[in-house]
Amino acid sequence: MKVYNTLSRQKEEFVPLEEGTVKMYVCGPTVYNLIHIGNARPMIVFDTVRRYLEYRGYRVEYVSNFTDVDDKIIAKAVEEGSTAEEVSQRYIAECKKDMEGMHVRPATEHPLATQEIQGMVEMIQTLIDKGYAYPSSDGTVYFRVKSFPSYGKLSHKNLDDLQSGFRALQVSGAGQKEDPLDFVLWKPKKEGEPSWPSPWCDGRPGWHIECSVMAKKYLGEQIDIHAGGEDLIFPHHENEIAQSECCNGRPFARYWLHNAFLNIDNRKMSKSLGNFFTVREVAEEYDLQVLRFFMLSAHYRSPLNFSRDLMTAAKNGLERIQTAAGHLRQMKEQGQPGEMSGAETAALEQAEKFICKFQDAMDDDFNTADAIAAVFELVKFSNTQAKEGCTGSFAEKLYGILCTLSDILGLSLEAEEEILDQEIEDLIAQRQAARKARDFQKADQIRDTLLEKGILLEDTREGVKWKRV
Ligand code: AMP
Ligand code: ZN
């Protein structure tokens with residue numbers, strides 16, 4: 001299995017630190033509003049990576065934080081006259097609802113920054129003790145970037161270039177810093193903001209330290225995969241590496257995975273640009289599985305442009321898979337009893353080729369676009385093979401393969417309660433054919449099956465009409 005590592009800028013063979021286990025950390029959202037579909041991209045992508053790793057037999061320890069203390073959360077609390085805690089708790093709950101709708105499974109752990117302050121204070125103290133950080137006169141603690149010679153290794157920036165870039169900028173707090181490159185680990189409180197005591201001043205942590213602390217606490221000093229959107233490469237992940245490696249004295253994450261942006265009109269979707277749709281808005285118009293399918297239709301390292309056309313294509317594509325699944329479900333019940341025929345056994349072997357194709361695609365840096373193409377090939381194959389007269393066990397086997405592959409992509413076919421229009425039309429056509437062949441027993445059986453699913457048929461002069469009851 002190969003994964004693209006931002007650190008080496010190459011695809012590398014995936015070998016976990018501990019056989020059979022994958023320790024994975026994904027940077028989560030800052031919770032001051034409903035999440036937008038740009039934030040949803042890493043959630044969906046890395047949930048799919050997790051599902052695939054599990055399918056390949058690994059036990060995955062998956063940690064994803066919520067940043068629940070931040071300037072934007074505080075500003076929102078001031079704006080609405082509540083507290084930062086109230087704001088973050090509300091949006092964490094809303095985010096979890098969106099995740100459920102998108103079939104993003106809860107992480108093994110979802111730590112909150114505000115619950116990990118003690119660990120952050122301890123890590124900052126260790127960095128000071130080891131000479132990698134220093135408090136300034138106002139109590140702000142900075143990381144001494146020059147003390148870590150490999151700073152820049154993830155973003156492939158060199159210190160001299162960064163230095164000249166910074167010289168041109170008027171950096172806030174620059175007077176307190178030894179060097180403009182140094183970044184904040186702890187900052188003094190401002191009036192009316194949440195704060196915690198520390199050896200340096202009452203205050204709160206800088207943003208980067210929380211992930212170093214949480215990854216260490218919940219996964220250990222060394223982890224296998226660290227992931228997030230590509231905007232996090234610099235400075236966030238670069239700073240996490242500096243903090244963790246200086247504190248622990250060993251390499252931090254082996255593989256760094258970054259998703260490309262979800263764009264709109266070819267610009268990054270973001271709250272600050274105001275060009276965003278929330279997941280909740282999309283849910284008003286589409287089943288969130290459609291959003292998930294849309295996200296996975298592109299490779300995670302390719303930029304993806306959000307558009308109505310692409311969402312319609314995703315909706316149609318997903319329906320094609322669901323219709324095939326519905327058909328197989330029906331054949332499973334209504335197919336011939338008994339063992340599969342020789343021809344069916346041979347066909348099943350052919351169908352297994354699509355599993356290999358799917359796996360090959362996912363083994364190549366989680367190429368979900370090609371994996372979906374393999375699912376479509378399976379759908380096409382199953383539509384031609386699971387015909388009238390096939391055995392129930394053949395349909396059941398095909399259905400099992402289709403469900404397994406769909407489940408890796410986080411698409412549920414089994415739990416579909418609502419019968420799709422296409423499925424209804426197919427059953428009506430079969431009923432008509434049965435009547436024509438004077439097989440009234442079968443025709444009635446189909447009518448009853450539909451009624452069980454809440455579909456009432458009416459035979460009218462203009463043909464068969466149906467309605468949901
Ligand atoms: P934030 O709340 O801004 O820290 O973002 C949470 C996660 O969403 C991070 O992994 C970001 O990189 C990611 N993210 C934010 N906007 C986008 C976007 N337009 N496309 C893809 N990922 C994004
Ligand atoms: Zn992080």
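One-based numbering, in listed order, for ligands and for the atoms of each. Treat the numbers as computed from the prediction; the structure is a model and nothing was measured. For this chain, numbers begin at 1 and follow the sequence in order.
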(request) Would you give the angle at the Zn ion (ligand 2) between Cys27 atom SG and Cys211 atom SG, to the nearest 10°? (result) 130°

(request) Could you list which atoms of ligand 1 come closer than 4.0 Å to a heavy atom of Lys268? (result) 16 (N), 17 (C), 19 (N)

(request) Please identify which atoms of ligand 1 are closer than 4.0 Å to at least one heavy atom of Pro29. (result) 2 (O), 6 (C)

(message) With salt bridge (Lys or Arg N to Asp or Glu O under 4.0 Å) as the test, pick out the partner of Asp363 among Arg56, Lys2, Lys357.
(response) Arg56

(request) Check whether any N, O or S atom of His208, backbone or side chain, sits closer than 2.8 Å to the Zn ion (ligand 2). (result) no

(message) Suppose we measure from atom 9 (C) of ligand 1 to each protein heavy atom; which comes out shortest, and what is that distance?
(response) Leu232 CD1, 3.8 Å

(message) When you compare the side chains of Thr21 and Glu61, does any donor N or O come within less than 3.5 Å of an acceptor on the partner?
(response) no

(message) How far is atom 20 (N) of ligand 1 from the closest protein heavy atom, and which atom is that?
(response) Leu262 N, 2.7 Å

(request) Among His103, Met99, Met295, find the one that has a side chain to side chain contact (heavy atoms under 4.5 Å, CB included) with Ile44. (result) Met295

(message) Testing the 3.5 Å rule here: is there a donor-acceptor pair between the side chains of Tyr62 and Glu54?
(response) no

(message) So if I count the atoms of ligand 1 from 1 in the order they appear, which ones are less than 4.0 Å from some heavy atom of Gly229?
(response) 10 (O), 12 (O)

(request) Just let me know how Asn259 lines up against ligand 1, side chain, backbone, both or neither, with a heavy-atom cut-off below 4.0 Å. (result) side chain

(message) Can you see whether Tyr32 has Lys271 sitting over its ring - NZ or CZ less than 6.0 Å from the centre and within 45° of the normal?
(response) yes

(message) Which heavy atom of Val121 sits nearest to which heavy atom of Pro197, and what is that distance?
(response) CG2-O, 4.4 Å

(message) Checking a contact table here: which protein heavy atom is nearest atom 13 (C) of ligand 1, and how many Å away?
(response) Pro42 CG, 3.7 Å

(request) Please confirm whether His36 comes under 4.0 Å of ligand 1, counting heavy atoms of the residue only. (result) yes

(request) Return yes when at least one N/O/S atom of Glu210 is nearer than 2.8 Å to the Zn ion (ligand 2), and no when none is. (result) no

(message) Suppose we measure from atom 19 (N) of ligand 1 to each protein heavy atom; which comes out shortest, and what is that distance?
(response) Met269 O, 2.8 Å

(message) Please give the atom name: the N, O or S atom of Glu240 nearest to the Zn ion (ligand 2).
(response) OE2

(request) Just do the ring-ring contact (aromatic ring centres under 6.0 Å, His included) check on Phe14 and Tyr255 with the steps written out, would you? (result) CA-CA 8 Å; Phe14 180 72; Tyr255 305 95; 5.1 Å; yes

(request) Quickly, which of Gln243, Lys216, Gln222 forms a side-chain hydrogen bond (donor to acceptor under 3.5 Å, both in side chains) with Asn248? Name it, please. (result) Lys216

(message) Is it the case that the ring center of Phe66 lies less than 6.0 angstrom away from the ring center of Tyr91?
(response) no

(request) Hey, could you give me the OH/CG distance between Tyr151 and Leu159, rounded to the nearest 0.5 Å? (result) 8.0 Å

(request) Tell me which protein heavy atom sits closest to atom 4 (O) of ligand 1, plus the residue, atom name and distance to 0.1 Å. (result) Thr30 OG1, 3.8 Å

(message) Any atom of ligand 1 sitting under 4.0 Å from a heavy atom of Ser270?
(response) no

(message) Side chain, backbone, both or neither: which applies to Asp231 and ligand 1 if a contact is any heavy-atom pair less than 4.0 Å apart?
(response) side chain

(request) For ligand 1, note which part of Ala260 has a heavy atom under 4.0 Å away: side chain, backbone, both or neither. (result) backbone

(message) As a test of reading the structure, name the N/O/S atom of His236 that is nearest the Zn ion (ligand 2).
(response) NE2

(request) Take Glu85 and Thr83, measure what side-chain hydrogen bond (donor to acceptor under 3.5 Å, both in side chains) needs, and give me the verdict at the end. (result) CA-CA 5 Å; Glu85 194 185 349; Thr83 63; 5.3 Å; no

(request) Could you find the nearest protein heavy atom to atom 5 (O) of ligand 1 and give me its residue, atom name and distance? (result) Asn39 ND2, 3.3 Å

(request) Provide the closest heavy-atom pair for Gly101 versus Leu288 in the form atom of the first, atom of the second, distance. (result) O-CB, 3.3 Å

(message) For atom 23 (C) of ligand 1, what's the nearest protein heavy-atom neighbour? Residue, atom name and distance, please.
(response) Gly38 O, 3.2 Å

